[in-house]
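Written below as structure tokens is the structure these notes are about.
All figures in this text were calculated on a predicted structure; none of them were measured in a lab. Residues take their numbers from the sequence shown, with the count starting at 1. Computed over heavy atoms, backbone and side chain alike; hydrogens, waters and symmetry mates excluded.
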Amino acid sequence: MRWNLQPIPNIAKTQQLAEALTVDTTIASLLIQRGIETFEQAKKFFRPSLDDLHDPFLMQDMDKAVDRIQKAIADKENIMVYGDYDVDGTTSVALLSSYLKTLSSQIATYIPDRYNEGYGVSYMGIDYADDNDISLIIALDCGIKAIDKVAYAKSKNIDFIICDHHRPGDTLPDAVAVLDPKREDCKYPYKELCGCGVGFKLIQALASGLHQTINDLLPYLDLVATAIGADIVPITGENRVLAYHGIQVINTNPRTGFKAMLSKVDKKTLTITDLVFIIAPRINAAGRMKHGLHAVNLLTEKNMDTALQFAAEIELYNSTRKDADKKITQEALIQIVDHSEEDRYTTVVYNENWHKGVIGIVASRLTETYYRPTLVFTKSGTVLAASARSVKGFDVYNALDACADHIEQFGGHKYAAGLTLTEEQYPSFKQKFEEVVSSTIDKKMLIPEVTIDAKLELDQITPKFYRILKQFAPFGPGNMAPVFMTEGLKDTGYAKCVGADKSHLKCKAQKNGIAIGAIGFNLGSKYDLIHQKQLFKSTYTIDENEWNGEVSLQLKLKDVK
């Protein structure tokens, strides 16, 4: 692993900020690295305020979207809220449909079937709308490239409003309104909203016409925070405000569906990391293993007994999903070795029997093992479908664009994308993708990197220091948990490998008479570097360890040298 120590910010600036905030210079330095240089900026960072949310009408087409929805409600039209089957899509549908149901009884929801319809707006969905006399479809977290589908809907006198956050193609669909901050002609000040975030801006705009305030919309923020965490969008600017307040909702007054999912979770206060690892996989499991509508039903259910029943079903899907992803990951790793592909710049694997619902997770797991742009293919109807994952710094979306001649369809982001192609195209695509990546990737990107914010001594890790550090949360892209480095450490003789397969390293790091417990997940192989009280240096984040009712600070090791 490469260690990359961030440059030390300007000392005079650091000193000035430390004095203004009455914090130590390490805290001030961490803030300056995040672009926070004044008392006012620090106040906005530590106390994210709902007053700092932007006016939703700054988004291109927002006025058109609101006018069309108001007209539909006034004329008692049937409205269908349509969304993708992942966390961002299902939370978006739950958010907008539950809000619209407070204004109209004629609201239907629709999530495409991952297997029969695939990603995004589908002809089947439009036909369903047509059969049910629906004259307005609002698509969330998808639709920005659905030019043919929107035209097809128009031929059936069905209007479309699109709320998306993916990159548009050269032409926009001919919809009544296209809300997407990534539109080139959109002047909206914050570009990094997730699909559920765009949906929230729409309800914010609708609410303003009904003299509702942002406080009336607070109960919806638990959904937005979950989508922000799951969709790995930057936790900066407006996303930080939405995530911060959404987590407060989850911890004080969550919706019934969340209460049901968390009923067996023994944790008093949830963080955004918990949303990503506890709630998001369960919501996702519905769409992966069964149908995304199960997740929407749970997220909009108000009766606790029914919600507990839904949550139990989803728990079952999640456990089936875990088994499938473990089995497929093992098979994929064998395939890489059998085909002697360990030394390539890319990982591209295919098996027609792999479960389509878990290939994205498997792609992430393979990226952890070989650390290179990765594609996992399976058979989907008459075509092959794949999930793509990338490594830090490499834009897999652009790489796929360069292979467009060998692909039927693709879409996504810099680090995660999806595509389909024919069986005949697979060999030539695999070759072309390897060529594109090997000729464009900076070879350093193929070695995992840990970015270190600051050097730290163990005596600086005090309860007060950690209390301030905790206020840097919610953490995520654009605002990662601070990573520190300490040199000249020794283990107190406590080092051991733990976990079912002894893959984790547990020790007590000591320097200058101060010792602090440490855990390194998947660092069991580093045991030989530290046992018998050898000197070592380590990078780590700081967190709390709860054990037998006792809470203590611990180092969460990222690497040891």
Quick check: do P56 and F200 have side-chain heavy atoms less than 4.5 Å from each other?
no
Apply side chain to side chain contact (heavy atoms under 4.5 Å, CB included) to L50 and V241, showing your working.
CA-CA 6 Å; L50 293 164; V241 177; 4.2 Å; yes
With a 6.0 Å cut-off (strictly less than), is the heavy-atom count around NZ of K43, excluding the residue itself, greater than 12?
no
Tell me whether R288 contacts the main-chain N or O of G357 through its side chain, where contact means a donor paired with an acceptor under 3.5 Å.
yes
In terms of heavy-atom contacts, does CD of E546 have more than 12 from other residues, nucleotides or ligands at under 6.0 Å?
no
Do the side chain of D141 and the main chain of D88 share a donor and acceptor less than 3.5 angstrom apart?
no
Is a side-chain donor-acceptor pair under 3.5 Å present for E192 with T236?
no
Could you tell me which non-hydrogen atom of Y188 sits nearest to which non-hydrogen atom of L193, and how far apart they are?
CE2-CD1, 3.9 Å
Main chain of P168, side chain of R183: is a donor-acceptor contact present, judged purely on distance under 3.5 Å?
no
Judged by atom type as modelled, is there a donor-acceptor pair below 3.5 Å linking the side chain of D453 to the main-chain atoms of V483?
yes
Are any non-hydrogen side-chain atoms of H291 and D113 less than 4.5 angstrom apart?
yes
Determine whether F258 and L275 make a side-chain contact, defined as any pair of heavy atoms from C-beta on separated by less than 4.5 Å.
no
Does atom CD1 (I11) have a neighbourhood of more than 12 heavy atoms from anything else shown, all under 6.0 Å?
no
Salt bridge or not between D52 and R240? Use side-chain N to carboxylate O under 4.0 Å.
no
Y119 and H166 aromatic ring geometry - parallel, tilted or perpendicular at 30°/60° bounds
perpendicular
Taking the side chain as C-beta and beyond, is there a heavy-atom pair between L53 and L242 under 4.5 Å?
yes
Working note: L375 + V396, criterion side chain to side chain contact (heavy atoms under 4.5 Å, CB included); need CA distance, chi angles, decisive distance, verdict.
CA-CA 10 Å; L375 287 161; V396 74; 5.6 Å; no
For the residue pair Q204 / K201, report whether a side-chain donor-acceptor contact shorter than 3.5 Å exists.
yes
So, taking the atom named CG in D159 and the one named CD1 in I137, what distance separates them when rounded to the nearest 0.5 Å?
9.5 Å
With rounding to the nearest 0.5 Å, note down the distance linking CG in L58 to NZ in K187.
11.0 Å
Taking P474's backbone N and O only, do any of them form a donor-acceptor pair with N479's side chain (distance below 3.5 Å, no angle check)?
yes
Test your reading of the model: is there a side-chain donor-acceptor pair from D216 to the backbone of T213, 3.5 Å cut-off?
yes
Roughly how far apart are M80 CE and L100 CG, rounded to 0.5 Å?
13.5 Å
Are R167 and D395 close enough for a salt bridge, meaning some N to O gap below 4.0 Å?
yes
What verdict does the side chain to side chain contact (heavy atoms under 4.5 Å, CB included) test give for F394 and R372, after you've listed the backbone C-alpha separation in whole Å, the side-chain angles of each residue and the deciding distance to 0.1 Å?
CA-CA 9 Å; F394 186 74; R372 58 200 189 190; over 6 Å; no
Do K64 and D61 sit within salt-bridge range, that is, some charged N less than 4.0 Å from a carboxylate O?
yes
Take a 6.0 Å sphere around NZ of K191 and say whether it holds more than 12 heavy atoms from other residues, nucleotides or ligands.
yes
Close side-chain approach of N284 and N318, heavy atoms under 4.5 Å
no
As an exercise, state the distance from CD1 of I283 to CG of L223, rounded to the nearest 0.5 Å.
7.5 Å
In this structure, CD1 of I272 is separated from CD1 of I228 (nearest 0.5 Å) by 6.5 Å
What verdict does the side chain to side chain contact (heavy atoms under 4.5 Å, CB included) test give for Q15 and T25, after you've listed the backbone C-alpha separation in whole Å, the side-chain angles of each residue and the deciding distance to 0.1 Å?
CA-CA 6 Å; Q15 201 63 48; T25 51; 3.7 Å; yes
Can you find a heavy atom in the side chain of V66 that is under 4.5 Å from one in the side chain of I69?
no
Closest non-hydrogen atom pair between M59 and C186, with its separation:
CG-SG, 3.9 Å
Indicate whether any N or O donor in one side chain lies under 3.5 Å from an N or O acceptor in the other, for Y397 and S390.
no
Over 12 non-hydrogen atoms of neighbours within 6.0 angstrom of CD in Q16:
no
Any idea which heavy atoms bring L202 and A65 closest together, and the distance?
CD1-CB, 4.1 Å
Checking R34 side chain against M480 main chain: does a donor-acceptor pair fall under 3.5 Å?
yes
Could you pull out the closest heavy-atom pair between V198 and P181, with the gap in Å?
CG2-CD, 3.9 Å
Between R68 and E77, does the salt bridge (charged side-chain N to carboxylate O under 4.0 Å, His left out) criterion hold? Intermediate values first, please.
CA-CA 11 Å; R68 181 65 186 89; E77 291 178 56; 2.8 Å; yes
Tell me if the aromatic rings of F472 and F46 count as close, with their centers under 6.0 Å from one another.
yes
Side-chain donor/acceptor of D231 to backbone N/O of A227, under 3.5 Å
no
How are the rings of H294 and Y317 set to each other: parallel, tilted or perpendicular (split at 30° and 60°)?
perpendicular
I407 and T420: which non-hydrogen atoms are nearest, and at how many Å?
CG2-O, 3.4 Å
Heavy atoms of other groups near I8 CD1, more than 12 under 6.0 Å:
no
Does K558, at its NZ atom, have more than 12 non-hydrogen atoms belonging to other residues, nucleotides or ligands within less than 6.0 Å?
no
Taking 4.0 angstrom as the limit, do K182 and D180 come out as a salt bridge?
no
Quick one: closest heavy-atom pair of S98 and T300, and the distance?
CB-CG2, 4.4 Å
Do K392 and Y371 form a cation-pi contact, if we require the NZ or CZ to be under 6.0 Å from the six-membered ring centre and within 45 degrees of the ring's axis?
no
Taking S122 for its side chain and G120 for its backbone only, find out whether a donor-acceptor pair lies under 3.5 Å.
no
Would a 4.5 Å heavy-atom cut-off, applied to side chains only, mark Y466 and I461 as touching?
no
Measure from the side-chain N and O atoms of Y244 to the backbone N and O of N239, and report whether any donor-acceptor pair falls under 3.5 Å.
no
Are there more than 12 heavy atoms of other residues, nucleotides or ligands under 6.0 Å from atom CD of Q409?
no
Any idea how F465 and F484 line up, ring-wise: parallel (<30°), tilted (30 to 60°), or perpendicular (>60°)?
tilted
How far does CZ of R365 sit from CG of D325, to the nearest 0.5 angstrom?
4.0 Å
Is there side-chain contact between R255 and Y220, with heavy atoms separated by less than 4.5 Å?
yes
